[in-house]
Amino acid sequence: MSDLVARTWRAARRGLPGLRQARGYQRRWFRADLLSSLTIGAMLIPQGLAYAQLVGLRPAAGLYAGVMGMLAYALFGPSRHLIIGPEAGAAILTATALAPMTAGGDAARYASLAALLALLVGVLSLIGGLLKLGALADFLSKPILIGYINGAALIIIGSQLARLFGLERRSDTFSGQVFEVAVNLHRTHVPTLLLGLGVITTLALLRWLRPKAPGPLILVVLTTVAGALFQLEHGGIKVVGALAAEPPAPGLPSLRFEDIRALLPAAFSLALVNYASSVLTGRFYADRFRYRLDSNQEFLGQAAANLANAFSQGFPVTGSDSRTAVNVSMGGRTQLVGVLASAGVLVFALFLTPLLNDLPMVTLGAIVFVAAVYLLEFRAIIDLWRVRRVEAVLACVTTLGVLVLGILQGILVAVALALADLIRRAARPHDAVLGKLAGVPGYHDIERFKNAETVPGLVIYRFDAPLFFANARHLREQARALVSSADAPMRWFVLDASAVFDMDVTAAEGLEKLRRELEEEGVVLGIAEARAPLRALLRRTGLLERLGPENVHATVEAAVRHFMMDAGEKRSRDGEPPALPPLH
């Protein structure tokens, strides 16, 4: 019985990362987690209300969507810092998907459709996790990660510009948000702008002078008190105002086949966008704080958050870049932040909604603005430029793609460009002619080591990439050029395959063509240091037999010895003096 309990506990720990975090929790983390949770809760309340209205649901749905999402992710999600809940991108995609559907003005049916979309997103994410599709995250390289974070940060900044200037935000794109602020600068509400700039300046000073102080929470309290004392609302500064937040009735959304068919394409898009944005943000902070993020488990965390919302009449949720950035800036360490924030929002929604009546909306905008500014990683692009310029360009393209095309499209464009660059490099990989360097073991690139000596009649050629359709012709052309330009008559051409770990059918055919062409010129094609997978491929394609097993060598040294023996025997047959042995 005890063994069964132990096995069950181990399985639960593997599938529920929240249990592992709870077991390793340290008491000294609690203060930072608590302060961060209070700030996250204070941010979620007005943001959740706004995003629910954007979707077309009652404002309170945004509060409970955040509560259910954070609780579910705290148990199933792999990131210690990612905060799940209503977010602008997911809300916009949800509203776009639901708009064409004929809800007939029926609020209950519309809410059921939103919950059904959350259910579909959750099921698709669950399938992704069960099928171990987290390998998709391997295509999201560091330049893409940096570019995405910069793009997301700029999107967050753009979304808050109108609020800081006391203007109405109508555009949903970064360029549109910047443009509408620029053309309406003459309509700026000066008191709102001054209050926002004051909050931004205070937050920046606190981060500089007292980095561990709960700056956002302090500013929320102070500006709420100021709003009540000085009646800021009467001066034209927008405040949160009165809230009505009845709890939702749990239940399964309506599962009509025509609704599922209509919403499925949008659910695919949402599941991909949610996963890509969340795993990129999660990996960014996992790298910063040196822990491992399980990309397969991220699918399950997203699934749990959306399924929980589906059964509580919510709508699709995802990782929030802005609240996650604030969480990190406040020193949050674990998903206890999400649990405590959920409890706080729930208590607030049920009993304490009047407390935030006088909180200026610009305070929340300023908090998000500062968090996004500190999220920007321009220095990382400079570091990439110093190491490899094409990757710095890729990071910039990702940022522009996210800003101009959207999150998913921008990431897909960046992945396609990264793969194109990979194929370009693999199609023309590094290669080298090898020679012997006196006093140094092995064979070395004669371009790098000018004193390296080659053996007359023998070319040792190293190809530093797997052989596939894009570089098969390049290998043949390089081999023919080396044979035709050799000073002495060529007798052997040895391919050092130490870096060739794979080969496709096109490359196998190209290697066979090279063997025939060299044979017609009286040159033997040999292969050295072929690893087991390559030997198996040579055997299956019949190349091993056509090359001759005696011409496939374990090492380059063995190939050279075989060549010298063969050359010695030929000289003996021709009555010539033996050649000097290669240098050692």
Side-chain angles (χ1 to χ4, degrees), residues 429 431-436 442-444 446 453-469 471-576 578-582 584:
D431 55 4
V433 175
L434 306 182
K436 191 71 176 176
Y443 287 78
H444 307 276
I446 63 174
E453 297 185 15
T454 58
V455 179
L458 170 66
V459 169
I460 307 169
Y461 175 66
R462 191 182 70 216
F463 195 76
D464 294 334
L467 273 168
F468 69 117
F469 63 90
N471 61 24
R473 180 177 295 276
H474 178 67
L475 171 64
R476 287 171 54 207
E477 291 174 351
Q478 291 291 89
R480 288 200 298 262
L482 289 170
V483 170
S484 62
S485 63
D487 295 333
M490 294 302 306
R491 298 189 57 248
W492 274 35
F493 183 93
V494 174
L495 172 65
D496 178 357
S498 55
V500 183
F501 58 86
D502 196 15
M503 179 177 66
D504 67 8
V505 173
T506 304
E509 291 179 354
L511 206 56
E512 169 59 17
K513 289 178 182 177
L514 176 62
R515 185 197 66 80
R516 290 199 304 266
E517 292 168 356
L518 292 179
E519 187 178 53
E520 290 171 359
E521 298 180 24
V523 178
V524 174
L525 174 62
I527 296 180
E529 300 201 25
R531 309 303 184 201
L534 181 58
R535 283 177 175 270
L537 286 167
L538 291 173
R539 189 177 298 108
R540 288 200 297 269
T541 58
L543 263 174
L544 184 63
E545 182 179 353
R546 288 190 289 274
L547 286 168
E550 71 279 3
N551 292 322
V552 179
H553 310 279
T555 65
V556 172
E557 190 74 50
V560 175
R561 284 200 304 268
H562 192 174
F563 170 77
M564 298 303 296
M565 290 173 58
D566 183 67
E569 292 174 1
K570 184 177 184 303
R571 286 174 176 275
S572 297
R573 288 195 302 269
D574 296 342
E576 299 177 10
L580 292 175
H584 291 285

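Side-chain N or O atoms of H562 include one that pairs as donor or acceptor with a backbone N or O of E550 at under 3.5 Å.
Not counting sequence neighbours, the partners of T454 by the side chain to side chain contact (heavy atoms under 4.5 Å, CB included) test are I446. Partners of E477 under the side chain to side chain contact (heavy atoms under 4.5 Å, CB included) rule, at least two apart in sequence or in another chain, are R473, R480. For the ring-ring contact (aromatic ring centres under 6.0 Å, His included) test, no residue two or more places apart in sequence or in another chain qualifies with F468. Judged as a side chain to side chain donor-acceptor pair (under 3.5 Å), and not counting sequence neighbours, the contacts of Q478 are D431. A472 is linked by a side chain to side chain contact (heavy atoms under 4.5 Å, CB included) to A507, counting only residues two or more places apart in sequence or in another chain. Residues satisfying the ring-ring contact (aromatic ring centres under 6.0 Å, His included) criterion with H474, sequence neighbours excluded, are absent altogether. Take V524 and apply the side chain to side chain contact (heavy atoms under 4.5 Å, CB included) test, not counting sequence neighbours, and it matches W492, N551. Checked against side chain to side chain donor-acceptor pair (under 3.5 Å), D464 has the following partners two or more places apart in sequence or in another chain: H430, R462. Considering only residues two or more places apart in sequence or on other chains, S498 meets the side chain to side chain donor-acceptor pair (under 3.5 Å) condition with D496.
Put simply, the side chain of F501 does not reach to within 4.5 Å of the side chain of P533, judged on heavy atoms. Using a 4.5 Å heavy-atom cutoff, the side chains of E519 and L525 are not in contact. You'll find the side chain of I527 stays beyond 4.5 Å of the side chain of V500, heavy atoms only. For the pair F563/V494, no side-chain contact is recorded, criterion being any heavy-atom separation below 4.5 Å from C-beta on. When side chains are defined from C-beta on, I460 counts as touching V560, because their heavy atoms get closer than 4.5 Å. Contact annotation: the side chain of M490 never approaches that of L518 to less than 4.5 Å [non-hydrogen atoms, C-beta and beyond].
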Exercise for the section: Under the side-chain contact (heavy atoms from CB on, under 4.5 Å) rule, what do L495 and L475 come out as? Steps first, then yes or no, please. Expected result: CA-CA 10 Å; L495 172 65; L475 171 64; 4.2 Å; yes

Practice task
Quick one: do V455 and K436 satisfy side-chain contact (heavy atoms from CB on, under 4.5 Å)? Show the steps, please.
Solution key: CA-CA 8 Å; V455 179; K436 191 71 176 176; over 6 Å; no

Exercise for the section: In sequence, state the C-alpha distance, the side-chain angles, and the governing distance for V552 and L544, and then conclude on side-chain contact (heavy atoms from CB on, under 4.5 Å). Expected result: CA-CA 8 Å; V552 179; L544 184 63; 3.5 Å; yes

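Residues H553 and A559 approach most closely at CD2-CB, 3.4 Å, considering heavy atoms. Taking each heavy atom of A497 and A530 in turn, the nearest pair found is CB-CA, 4.4 Å.
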N/O donor to acceptor pairs below 3.5 angstrom from side-chain atoms of residues 536-543, sequence neighbours left out:
unit_1, atom_1, unit_2, atom_2, d
T541, OG1, L537, O, 2.9
T541, OG1, L538, O, 3.2

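F493 CZ to E521 CD: the interatomic distance, rounded to the nearest 0.5 Å, is 11.5 Å.
Sequence neighbours left out, the pairs with a member in residues 499-514 that pass salt bridge (Lys or Arg N to Asp or Glu O under 4.0 Å) are E512-R515, E512-R516, E512-R546.
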